[in-house]
Amino acid sequence: MTTDPGLNPRQAQAAHHVEGPLVVFAGAGSGKTRVITHRVAHLVGTCGVKPWRILAVTFTNKAAAEMRERLSALVPGAAADLWVGTFHATCARLLRRYHEEAGVRRDFVIYDDTDQKAMVTRLMRELKLDERRFPPKQVAARINRAKQEGLGPTEVEGDDPLSRVSRDVYGHYQVKMDACGALDFGDLIYRVVRGMRDNPELQRALQERFEFVLVDEFQDTNHVQFELVARVCARHHNLCVVGDDDQSIYRWRGADRRNILDFRHHFSDATIVKLEQNYRSTQRILSVANAVVQRNVDREPKRLWTDNEEGTPVTIVSCSDERDEAQVLVKAMGMMLEAGYARNDVALLYRIHAQSRVFEEALRFANLPYRVVGGLRFYDRAEIKDLLAYLRLLQNPDDDVSLLRVINTPPRGIGKTTATRLLEAAARAGTSVWSALAVAADDPSHGPAARKKLGLFRELVAGFMAELEGGAGPATLAQTVLSETGYLEVLQEEDSVEADARLENLKEAVGSMIEFERDSEEGTLSAFLELVTLQTDADRVDDDDAITLMTIHAAKGLEFPVVMVAGLEEQMFPRRGVAEDDDPEELEEERRLAYVAFTRAQERLLLSHAQVRRVYGELRFQTRSRFIDEIPSDEAHFVGQPSTAPATGSYRARQGPPTYTDRGADPAGRDANRFGGHRGGSVAGDSYVDRSEAADHPEGEEIYQGMRVRHRKFGVGSVQSVSEGLPPRVTVLFPGVGNKQILSRFLEPA
DNA sequence: TATGATTCCATTTTT
DNA sequence: TGGAATCATA
């Protein structure tokens, strides 16, 4: 057995495992990615496994890209041939390759959740079902749930009205989707699995193709995903799964932790490896995270430990209300920056998106650049979806959802009445809307004006299709579509800020298509469309120097030197819905969520709670979270007014209420120097006073282009540019670091 | 067909 | 409370 440099014994054991099932319980920050990549490298490099016989599945495109990148460094040349991708992307690829065996169209389009909802809504209207009683959203959720369980329309259980309706709609939905040549996200996986169930040929082909299978984040897999990998591995038994049951936070999406917890029962000869050494966080941060998650009953026993420094105590701040909380945390952020942390080092995490607003306001007021992760995705913007709908329509005219989206966008006089008649005609004939459109010219139910307009639209689209046939790429097609439909013109004439932003977005979209044509092998429209629907904003680069705001869910897999978690109050976090059902499973998931949040922190962790909070416009008196009370008091430092009453509940009473010291000027925690000191700066209690003085006395005139300045963290650099305004912001080029935007008060002449 | 009024609803969202 | 989505009305 070779010894990989820099792998600890456990990591090496996992990395060098070759044959047979393997489960790796990888605690937060335990070097999981290293293990995975080294194992693949070992298989290819040492064992001589052909890279294209290895399948590695991740949950995000980002993780897939990262894995591929790291592998190309370890095993040059092989990385391109490996099957690395998300469940969805991998299945899409398989379905294209084996479309016949799996019984899907080769040129299928992929519907995202919005498209799916549009389809369900339309279907329910056609079926004359009461949308009030049975919200399409819920029905769609039922359909998705069924697919996650690997169940078809007839196999869905439940006798309540919603279940019946959902079952009914599900059946019709699949027929309709088929007619449209569309697959939703759930279908991608479900159809592969069904193909394998129904067609032994396909099953055998896939089993033979993949000699080694590796699944990351296995705690987040659902039932079909489990069935998929189990079937694929049934022949070679070389299934390696990696994950952490304590970080399972997607139960509500159908993820089942039993997949990893019971792995040893499903594969009785499985090797079990636990990675418990954490390389990320200080001892105190870990012990706080451990204290919270260890209260869970249903978990694989393990305890994360570290050789890292003890670190500063975790700071817990009590605030009067959510605005106060925002002010206090923003002030603390300022101190961290003064102590030498970069803005990119600091993250603010919260349980729900709605919490971000107050923080955004406070950050804007303090002039601190920030970025909010999540929210509206680029490809979800209306104008982008419009453009993509046109493009999808060209690829597959039977795609009803896309057709209906653009048939009157921009407005071309095809109103509701005409559209409804067209839909009815399609339903009567049992065809796609496009087919109905072809015969609409002879359909007497449309008036002469309507017929003419429908004909014009059909010709317009047919013209685009001819261009596609002629070999035009996505960028060219997009430009043609935007100009010939009058889409650009309408926006230009509107001449508003919003319209300009839309034009800008469309430009960016076309730009990305040009890039795609240049960089990708195929460069085809269908390849582009697939990429775009399976991609999220998480993949977009975020290299600007800013403080990061996001939900805890979005933070999974990331790490930051400084992490703040807001809103540690009962009902908020742990989150409880209006329906006061005490589901212990849900509480355990909240606890895992807290564990994920806390273990994002490398050096400093700050938690806050408010005593009063406005929720849906109503004032609510909050009790601090039980999670706070579960933290060992010698690991924490309490700041601010003590909370009203300690949380009550079934948990063990702590050793008496925590003692909060006066918050005063020190929300960042006393004695910041205790931590290592390599950050150089102190987070002195009075440092924010300097900041306010600095704001009163702008130092703009003292800083000039080309000047050499010193920053506590980045060292000496040269000023590239100075922006006007209060406070003045300076771009400085630090050798070896790059350009940084820095407030002038953090700089001194060098 | 476009706008303003009204009503409804409200965790988390890897694809 | 605030936003999105739907409805009513010119």
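The basis for the numbers below is simple: all heavy atoms, side chains too, and nothing from hydrogens, waters or symmetry mates.
Side-chain contact between A/Arg600 and A/Leu349 is present, with heavy atoms from C-beta onward closer than 4.5 Å.
B/dT13 sits 16 Å from C/dA4 when the P atoms are compared, rounded to a whole Å. C/dA5 and B/dT12 have their C1' atoms separated by 22 Å, given to the nearest Å.
Side chain of A/Glu590, nearest nucleotide from B/dC8, B/dT11, B/dT13: B/dT11. In this structure, of B/dC8, C/dT1, B/dT13, it is B/dT13 that holds the atom nearest to the side chain of A/His553. Which of B/dT15, B/dC8, B/dT12 sits closest to the side chain of A/His353 comes down to B/dT12. Among the nucleotides B/dA10, B/dT14, B/dT12, the one closest to the side chain of A/Arg351 is B/dT12. In the set B/dT11, B/dT12, B/dA2, the nucleotide with an atom closest to the side chain of A/Pro411 is B/dA2. Considering only side-chain atoms of A/Thr551, the nucleotide from B/dT11, B/dT15, B/dT12 that sits closest is B/dT12. Comparing B/dA10, B/dT1, B/dT12 against the side chain of A/Tyr616 picks out B/dA10 as the nearest.
Among the atoms of the strands shown, none is found under 4.0 Å from any heavy atom of A/Phe87. Within the nucleic acid shown, A/Asn144 has no heavy atom closer than 4.0 Å to any nucleic acid atom. In this structure, A/Arg614 reaches neither bases nor backbone, as no heavy-atom distance under 4.0 Å exists between it and the strands shown. Counting non-hydrogen atoms under 4.0 angstrom, A/Asp112 reaches nothing in the nucleic acid.
Across the protein-nucleic acid pair, A/Ile552 atom CD1 and B/dT13 atom P stand 10 Å apart, rounded to whole Å. The separation between A/Arg576 atom CZ and B/dA10 atom P is 19 Å, rounded to whole Å. Distance A/Glu217 CD to B/dT14 P: 13 Å, rounded to the nearest Å. One atom, CG of A/Asp380, and another, C1' of B/dT13, lie 11 Å apart when rounded to the nearest Å. In this structure, the CG atom of A/Leu349 is 13 Å from the C1' atom of B/dT12, given to the nearest Å. The separation between A/Tyr350 atom OH and B/dT13 atom P is 9 Å, rounded to whole Å. Rounded to whole angstrom, the span from the CZ atom of A/Arg592 across to the C1' atom of B/dT12 amounts to 13 Å. The distance between atom CG of A/Leu558 and atom P of B/dT14, rounded to the nearest whole Å, is 12 Å.
No hydrogens or angles were tested; on distance alone, nothing pairs the side chain of A/Arg251 with the base of B/dT12 as donor and acceptor under 3.5 Å.
OP1 or OP2 of B/dT15 has at least one side-chain nitrogen or oxygen of A/Asn61 nearer than 4.0 Å. Taking 4.0 angstrom as the limit, A/Arg357 places a side-chain polar atom (N or O) nearer than this to OP1 or OP2 of C/dG2.
A distance-only check finds a donor-acceptor pair linking the side chain of A/Glu570 to the backbone of A/Arg626 [under 3.5 Å].
The side-chain ring of A/Phe59 is not stacked on the base of B/dT15, judged by centre separation under 5.5 angstrom and plane angle under 30 degrees.
If you find the closest nucleotide of DNA chain B to A/Thr221 and to A/Ile352, the one lying nearer the 5' end belongs to A/Ile352. For the pair A/Ile249 and A/Arg132, both in contact range of DNA chain B, the more 5′-proximal nearest nucleotide belongs to A/Arg132.
Taking the six-membered ring where the residue is Trp, the centroids of A/His553 and A/Tyr250 are separated by under 6.0 Å.
A salt bridge (Lys or Arg N to Asp or Glu O under 4.0 Å) with A/Glu590 is found for exactly one of A/Arg575, A/Arg295, A/Arg351, namely A/Arg351. Of the residues listed (A/Leu55, A/Leu95, A/Leu228), the one engaging A/Thr90 in a side chain to side chain contact (heavy atoms under 4.5 Å, CB included) is A/Leu55, and it is the only one.
The side-chain tip of A/Arg96 points at the ring of A/Phe108 from less than 6.0 angstrom away and within 45° of straight on.
Using a 4.0 Å cut-off between charged side-chain N and carboxylate O, A/Lys176 and A/Glu126 make a salt bridge.
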